[in-house]
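Notes to accompany the following structure.
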Amino acid sequence: MEIPVDETPSRHLPVLKRMTKLGTKANNFANGVKEHVRLAPKITETVKGKLSLGAKIIQVGGVEKIFKQLFSVKEGENLLKACQCYLSTTAGPIAGLLFISTNKVAFCSERSLKFCSPSGELIRVHYKVLIPLSKIKRVDQRVNMKKQSEKYIEVYTVDGFDFWFMGFLNYQKAFKYLQQAISQSCKWMMNKSLTS
């Protein structure tokens with residue numbers, strides 16, 4: 001039996017609000033997974049990449065240790081969040097991890113990419129991007145107007161570069177952590193300039 005909303009006892013309202021909130025979170029996560037998988041060239045490649053990444057994280061001892069291995073970490077720098085996502089490039093999206101720390105935003109591809117060296121030798125390297133927080137001009141949220149489920153985070157740098165990250169499992173959380181890191185960096189820079 002369904003109880004009309006206007007006849008719902010007041011003691012049930014908090015439960016209904018909580019269920020609605022959980023339903024919204026579950027829906028957002030499901031959409032994030034769908035978008036993340038959709039960007040991959042093949043589902044089998046995605047599964048192999050995720051299994052390989054998971055094994056590497058376990059083998060190394062956690063995401064924070066991977067971050068420290070891949071990027072130089074300053075004393076006092078803390079990893080705030082690591083998110084699986086894709087970096088948009090002219091060659092297509094590249095799957096990897098986006099690291100958000102108290103000093104930088106950094107990306108490293110899940111798998112190594114093949115490049116030809118100047119000597120003609122085929123080499124494999126991970127695709128990396130490192131942006132110091134002090135070099136970030138702004139971060140914007142973007143949505144594909146034709147397909148509302150496609151959401152992007154665009155990072156603009158002070159030297160005129162822009163980086164597009166997409167396919168997040170939890171888009172809102174990634175954006176929140178980026179904003180938090182940039183805000184903390186701005187406060188630190190302001191305090192530093194006032195004390196100098």
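In this structure, L178 and F165 have side chains that are not in contact, with every pair of non-hydrogen atoms separated by 4.5 Å or more. Residues L122 and F115 fail the side-chain proximity criterion, which asks for heavy atoms closer than 4.5 Å. Within the 4.5 Å cutoff, no side-chain heavy atoms of I136 are placed close to those of V158. Contact check for L87 versus Y127: side-chain heavy atoms found under the 4.5 Å cut-off. Side-chain atoms of F161 and K135, non-hydrogen and from C-beta on, never get closer than 4.5 Å to each other. For the pair L80/S101, no side-chain contact is recorded, criterion being any heavy-atom separation below 4.5 Å from C-beta on. Counting heavy atoms from C-beta outward, K81 and F99 have side chains that stay 4.5 Å or more apart. No side-chain heavy atom of D140 sits less than 4.5 Å from a side-chain heavy atom of I153.
Atom CG in N103 sits 4.0 Å away from atom CD in E77 (nearest 0.5 Å). To the nearest 0.5 Å, the span separating CG on L130 from CZ on F107 amounts to 13.0 Å. Interatomic distance, OH of Y86 versus CD1 of I94, reported as 11.5 Å (0.5 Å rounding). For the atom pair CG (L133) and CD1 (I182), the distance works out to 6.5 Å, reported to the nearest 0.5 Å. The structure places CD1 of I123 at 5.5 Å from OG of S117, a figure rounded to the nearest 0.5 Å. One finds the OG atom of S109 at 9.0 Å from the CG atom of L70 (value rounded to the nearest 0.5 Å).
With hydrogens and angles disregarded, a donor-acceptor distance shorter than 3.5 Å links the side chain of K104 to the backbone of S72. Side-chain atoms of H126 do not come within 3.5 Å of backbone N or O of C108 as any donor-acceptor pair. With hydrogens and angles ignored, the 3.5 Å screen pairs a side-chain donor or acceptor of T89 with a backbone N or O of G92.
Hydrophobic clustering (side-chain heavy atoms under 4.5 Å, transitive across Ile, Leu, Val, Met, Phe, Trp, Tyr) groups M166 together with W164.
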- Evaluate the side-chain contact (heavy atoms from CB on, under 4.5 Å) criterion for residues F67 and L97: first the C-alpha distance (whole Å), next the side-chain angles of each, then the deciding distance (0.1 Å), finally the verdict. CA-CA 9 Å; F67 173 63; L97 282 174; over 6 Å; no
- Item | Test log, rule side chain to side chain donor-acceptor pair (under 3.5 Å), inputs Q179 and Y177 | CA-CA 5 Å; Q179 285 182 312; Y177 277 97; over 6 Å; no
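Remark: S88 engages no residue in a side chain to side chain donor-acceptor pair (under 3.5 Å) (not counting sequence neighbours).
Counting heavy atoms of neighbouring residues, nucleotides and ligands inside a 6.0 Å radius, atom NZ of K128 exceeds 12 of them.
Cation-pi geometry between R138 and Y156 is met: under 6.0 angstrom from the ring centre, within 45 degrees of the axis.
Screening Q141, Q180, K151 for a side-chain contact (heavy atoms from CB on, under 4.5 Å) with F175, the sole residue that qualifies is Q141.
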